[in-house]
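Just so it is clear: chains get the letters A, B, ... in the order the sequence lines come, proteins before strands, and each one is counted from 1.
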2 protein chains.
Amino acid sequence: MEQEGFSDVGVGVRGFQALRRIVRALDVHSRKLYRECNITSPQLLCLHSLEKQRDQTLSRMAVELNLSVSTMNGIVDRLEARGLVLRSRSEKDHRKVHLTITAEGTLLLSSVPELMRDSYSRAFGSLSVGEQELLTGLLVKLADRFDPVQRSTGGSPEII
Amino acid sequence: MEQEGFSDVGVGVRGFQALRRIVRALDVHSRKLYRECNITSPQLLCLHSLEKQRDQTLSRMAVELNLSVSTMNGIVDRLEARGLVLRSRSEKDHRKVHLTITAEGTLLLSSVPELMRDSYSRAFGSLSVGEQELLTGLLVKLADRFDPVQRSTGGSPEII
DNA sequence: CAGAATTGTTTCGTGTACGAATATTTGTGT
DNA sequence: ACACAAATATTCGTACACGAAACAATTCTG
């Protein structure tokens, strides 16, 4: 018990470890998705967002998916290279680049088996409703402590 | 409410979003640490483990830190390149490579400001004790649902 | 004892993820 | 009108993270 930084060492460390395991499990799931369906979780999230709202821009998507612009750019690069997404310079504002999902993109989205969509929802869904609500509340609270400047509760509901 | 996979859509999505925010905050903290102290969180975790137990091996460390062997290898590569860690082939079993922290490694560990150690413990510590225990329990439970084959509770206590 | 299976490390390729720097366009203040 | 700030996308370098494959050494087995 010589670790510092936690009021109760064991609890904090166990939680941190559990967090690492969850993150890793999500990553492993994303790789499995990539092997079997040739697309990763971040790419799927991106496509999903574009399916629901056309003419997105990089910056807006980055905010929506909680990623930096450069990360978002890389993901869109790969999607564009495969013809799943189209970039088109905006006429009104030449700084902006509109992103639209292509027919192949929509096709691919529909072809991804439901069960492969995400493992979080499956694991999360296996908890009781009370546990789900409790956990979500605590996660949001913890996230707010990390990064106070965020829309955690009052966000517009059309943003996933 | 056309998303599938959640019994209550909003709760699951909010939790997932919060999880993404937490993960990102941890990453951002690691980068800040890198800028200011020239070392990242994974490297710090690795050094910390080596300080507590000398003559570790790559595989054992990977299990302990919940990383794949190849990831662990990369981290050790960077630490070794900076002279913070030493690789030495085992005499008994020539397959194994012992990892030991060097004097510079220990020095660096002690020079990292306490507050920079980790942001998780700070955010986590700002929750009430009851919340901490509740959250940890739920995280462990969720992690178990992802990846049932893990030592979440019964592990030997010398492994952090 | 020879070959097979196992254990352990390293290498390789790819995707994520970030910040800093750059370029281009748009907006603003004087 | 012109300089300067803000917005937007892109590029670059780096670390992390994984799986597959290559490689080396040990242990098991017929």
Side-chain angles (χ1 to χ4, degrees), chain A residues 20-46 55-63 65-82 84-85 87-99 147, chain B residues 20-46 55-63 65-82 84-85 87-99 147:
Chain A
R20 289 181 67 88
R21 282 173 58 201
I22 293 167
V23 170
R24 191 184 184 190
L26 290 173
D27 188 61
V28 167
H29 175 262
S30 176
R31 285 167 206 279
K32 186 182 176 191
L33 190 66
Y34 190 47
R35 281 196 306 277
E36 299 182 5
C37 307
N38 209 33
I39 195 166
T40 65
S41 290
Q43 291 172 12
L44 213 47
L45 284 173
C46 179
D55 287 338
Q56 281 272 31
T57 75
L58 214 54
S59 323
R60 286 198 47 191
M61 293 251 314
V63 171
L65 299 187
N66 230 302
L67 295 171
S68 82
V69 183
S70 56
T71 300
M72 202 66 248
N73 194 57
I75 292 171
V76 169
D77 273 352
R78 284 179 281 273
L79 290 174
E80 192 193 20
R82 291 187 50 199
L84 306 176
V85 152
R87 272 183 169 105
S88 56
R89 208 99 216 173
S90 165
E91 290 301 324
K92 297 178 179 178
D93 188 339
H94 277 245
R95 288 172 301 185
K96 294 184 181 176
V97 171
H98 287 158
L99 304 173
D147 179 10
Chain B
R20 289 182 66 86
R21 282 173 56 202
I22 293 168
V23 170
R24 192 184 183 188
L26 290 172
D27 189 60
V28 168
H29 173 263
S30 176
R31 283 168 208 279
K32 187 182 175 191
L33 189 66
Y34 190 47
R35 280 195 306 276
E36 298 181 7
C37 307
N38 209 32
I39 194 164
T40 65
S41 292
Q43 290 171 13
L44 214 47
L45 284 173
C46 179
D55 287 338
Q56 280 272 31
T57 75
L58 212 57
S59 324
R60 285 199 47 191
M61 294 251 314
V63 171
L65 300 186
N66 229 305
L67 294 172
S68 82
V69 183
S70 55
T71 300
M72 204 64 250
N73 193 57
I75 293 172
V76 169
D77 274 352
R78 286 178 281 273
L79 290 175
E80 191 192 22
R82 289 187 50 200
L84 306 176
V85 152
R87 273 185 170 105
S88 56
R89 210 97 215 176
S90 164
E91 291 300 325
K92 298 179 180 179
D93 188 338
H94 277 245
R95 289 172 302 185
K96 294 183 181 175
V97 172
H98 286 158
L99 304 172
D147 180 10

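OP1 or OP2 of dT16(C) sits under 4.0 Å from a side-chain N or O of Arg78(A). Regarding contacts with the backbone of dT9(C), every side-chain N or O of Asn73(B) stays at 4.0 angstrom or more from both OP1 and OP2. Here Thr71(A) reaches the OP1 or OP2 of dC18(C): one of its side-chain N or O atoms lies under 4.0 Å away. Between Arg87(B) and dT10(C), a side-chain N or O to OP1/OP2 separation shorter than 4.0 Å is present.
For Arg20(A) (side chain) and Asn66(B) (main-chain N/O), no donor-acceptor pair under 3.5 Å exists by modelled atom type.
What separates CG of Leu45(A) from C1' of dT16(C) is a distance of 13 Å, to the nearest Å. Distance CZ (Arg89(A)) to P (dT26(C)): 10 Å, rounded to an integer number of Å. We find that CE of Met61(A) is positioned 12 Å from P of dT16(C), with the value rounded to whole Å. The interatomic distance linking Leu67(A) (CG) with dG15(C) (P) rounds to 16 Å, in whole Å. To the nearest angstrom, P of dG8(C) lies 16 Å from CE of Met72(B). Here the P atom of nucleotide dA17(D) and the CG atom of Leu26(A) are 14 Å apart, to the nearest Å. Rounded to whole Å, atom C1' of dT11(D) lies 13 Å from atom CG of Leu58(A). In this structure, CD of Gln43(A) is placed 4 Å from P of dT16(C), rounded to the nearest angstrom.
A distance of 8.0 Å separates CE in Met61(B) from CD1 in Ile75(B), rounded to the nearest 0.5 Å. To the nearest 0.5 Å, atom OG of residue Ser90(A) and atom CG of residue Asp55(A) are 8.5 Å apart. Distance check: His98(A) NE2 to Arg89(A) CZ gives 10.5 Å after rounding to the nearest 0.5 Å. In this structure, CD in Gln56(B) is found 8.5 Å from CG in Leu65(B), a value given to the nearest 0.5 Å.
Among the protein residues, Arg20(A) comes within range of no part of the nucleic acid, since none of its heavy atoms lies under 4.0 Å from any strand.
Between the two ends of the helix from dC1(C)-dG30(D) to dT30(C)-dA1(D), each summarised by a five-pair axis, the helix axis turns through 0° (rounded to 10 degrees).
Between Gln56(B) and Ile75(A), the residue whose closest nucleotide on DNA chain C is further toward the 5' end is Gln56(B). Heavy-atom nearest nucleotides on DNA chain D were determined for Asp27(A) and for Gly74(A), and the one closer to the 5' end corresponds to Gly74(A).
In the set dT26(C), dA17(C), dT9(C), dT9(C) carries the atom at the smallest distance from any side-chain atom of Val97(B).
Annotation: side-chain contact (heavy atoms from CB on, under 4.5 Å) contacts of Val76(A) (sequence neighbours excluded): Cys46(A), Leu58(A), Met72(A), Val85(A), Arg87(A), Leu99(A). Residues that satisfy the side chain to side chain donor-acceptor pair (under 3.5 Å) test with Asp93(B), not counting sequence neighbours, are Arg95(B).
Between His29(B) and Leu26(B), the closest side-chain pair of non-hydrogen atoms is not below 4.5 Å.
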Review item, side-chain donor-acceptor pairs of residues 30-39 of chain B, under 3.5 Å, at least two apart:
residue: Ser30(B); atom: OG; partner: Ser41(B); partner atom: N; Å: 3.1
residue: Arg31(B); atom: NE; partner: Asp27(B); partner atom: OD2; Å: 2.8
residue: Arg31(B); atom: NH2; partner: Asp27(B); partner atom: OD2; Å: 3.1

Identify the pairs formed between an N or O of the protein and an N or O of nucleotides 3-7 of chain C at a distance under 3.5 Å, and give each distance.
residue: dT7(C); atom: O4'; partner: Arg95(B); partner atom: NH1; Å: 3.4
residue: dT7(C); atom: O2; partner: Arg95(B); partner atom: NH1; Å: 3.4

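Here the closest non-hydrogen pair linking Leu79(A) and Gln43(A) is CD2-CB, 3.9 Å.
Put simply, the side chain of Ser68(A) and the base of dG19(C) share no donor and acceptor less than 3.5 Å apart.
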Hey, mind stepping through Ser68(B) and Arg24(A) against side-chain contact (heavy atoms from CB on, under 4.5 Å) and telling me if it holds?
-> CA-CA 10 Å; Ser68(B) 82; Arg24(A) 191 184 184 190; 3.8 Å; yes

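Residues of residues 30-41 of chain A having a heavy atom closer than 4.0 Å to DNA chain D, listed by number: Arg31(A), Arg35(A).
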